[in-house]
2 protein chains.
Amino acid sequence: MRATWNLLEKSGGAGVRMSDIAKAAGISRQAVYLHFPTRAELLTSTARYMDDVHDIDGSLAASRAASGVERLDLWVEAWGNYIPKIHGVGRALIAMRDTDEAAAAAWGDRMQAVRHGCAAAIGALEKVDRLKAEFTSETATDLLWSILSVEMWEKLRFECGWSQEDYVLRMQRLTRNSLVG
Amino acid sequence: MRATWNLLEKSGGAGVRMSDIAKAAGISRQAVYLHFPTRAELLTSTARYMDDVHDIDGSLAASRAASGVERLDLWVEAWGNYIPKIHGVGRALIAMRDTDEAAAAAWGDRMQAVRHGCAAAIGALEKVDRLKAEFTSETATDLLWSILSVEMWEKLRFECGWSQEDYVLRMQRLTRNSLVG
DNA sequence: TCCTTTGCTTGACACCGTGTAAAGTTGACA
DNA sequence: TGTCAACTTTACACGGTGTCAAGCAAAGGA
């Protein structure tokens, strides 16, 4: 899993074959299949492993503790800064989605978890009556979740050349401007 | 190209093979290669063909004629309503990006054209001094372009279940709230 | 010491989809 | 009658995933 992680990180998630991973791990290609039945399984296991190492729960603690607009800000920051860490695996999983049912499900699950984070931030906003009137909590969550998607991050970071700091700052402003009333 | 179009439209852009297209067109798989050297070439030709049929220039005329905030609104509407028409081909091209250089370039080109549309809308906003002070025209264009990306449309339309009307309306509000001062 | 288990190795192969190649058919047109 | 263009069928190369089988080496218990 560490080999997978390394390769995906440096390649940005594309063009990493099972044989590359095996070579990097110092074992034969077949040996990889002794541990992980499919490529999708290897990727999702690696993702879980990365969550462990990065202590995702810990890094989201600050945002969970806050409330109202501050909570939104902290959530955007926390998740926004987590994206680059998982980006390699994410990209690989996203690429497999079209052809591989298991990959689609795995990535869908992870994104559903992110959606819960978004819903919680929106909930906090509603609690202090600062959610713009035009939104239901549902649609606001949809919007926040889409804005904070990995795809959008990729576009802004790589195609537009934004720095990570810029990204977080501007996403905080964007979400505040569009959701907070 | 019509066969390609049909298939990609009904499949949402995934899982359409050269042989499927050939069958749908009523010719052999090899005959397809007599007309289009590669899959990427077929897809991009189809995209151009669709632009022709849809008269993309015509449908953008209204937004080009307007100015200021109205121009932004009309641009969001025009492009937002064009996305579903090209979505099938777009998805297929996006999926090929990781492995196929030509597909990446073709899709990049098309998106660059969209970016010009975004830049023009931002320019119109600047001309009447309504672009929020926090933005350069560059970063505002980046943001508008990313918000109006096909990926974001997919997410809102399919994963969040928004209707096309909702999508356009809410994107108009979002862009106004976040860009117009 | 022998036997078994565990974790690997090598090598071969099936499947899929893209793309290439070659030889043959059909119909239009000069 | 001959030629050309569009197409057909058949076959194959390639790359990547996943499967299968036989074998090997080290650890550990009886």
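Basis for what follows: all heavy atoms, side chains included, without hydrogens, waters or symmetry-related copies. Letters A, B, ... mirror the listed sequences (proteins, then strands); counts begin at 1.
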Any residue of residues 25-37 of chain B with a heavy atom less than 4.0 Å from an atom of DNA chain C: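 The answer is B/Arg29, B/Gln30, B/Tyr33, B/Pro37.
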
Student check: side-chain heavy atoms of B/Thr175 and B/Leu143 closer than 4.5 Å: no

Validation row: B/Trp75, B/Leu60 side chains within 4.5 angstrom (heavy atoms): yes

Any side-chain donor near an acceptor of the partner, A/Gln164 and A/Trp153, under 3.5 Å: yes

Distance (rounded to the nearest 0.5 Å) between [X] [atom1] and [Y] [atom2]:
| X | Y | atom1 | atom2 | value |
| --- | --- | --- | --- | --- |
| A/Ser178 | B/Arg170 | OG | CZ | 11.5 Å |
| B/Leu144 | B/Leu179 | CG | CG | 6.0 Å |
| B/Lys155 | A/Met152 | NZ | CE | 11.5 Å |

Under 3.5 Å, which protein N or O atoms sit close to an N or O of nucleotides 14-16 of chain D? Give each pair with its distance.
{"unit_1": "D/dG16", "atom_1": "OP1", "unit_2": "A/Arg17", "atom_2": "NH1", "d": "3.3"}
{"unit_1": "D/dG16", "atom_1": "OP2", "unit_2": "A/Arg17", "atom_2": "NH1", "d": "3.0"}

Lys/Arg N to Asp/Glu carboxylate O, B/Asp51 vs B/Arg110, below 4.0 Å: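 Salt bridge between B/Asp51 and B/Arg110, a charged N being under 4.0 Å from a carboxylate O: yes.
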
B/Glu134/A/Arg176 salt bridge by N-O under 4.0 Å criterion: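 No, no charged N to carboxylate O under 4.0 Å.
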
Please report, rounded to the nearest Å, how far the [atom2] atom of [N] is from the [atom1] atom of [X].
| X | N | atom1 | atom2 | value |
| --- | --- | --- | --- | --- |
| B/Asp20 | C/dT18 | CG | C1' | 13 Å |
| B/Lys23 | D/dT8 | NZ | C1' | 16 Å |
| A/Asp100 | C/dC16 | CG | C1' | 14 Å |

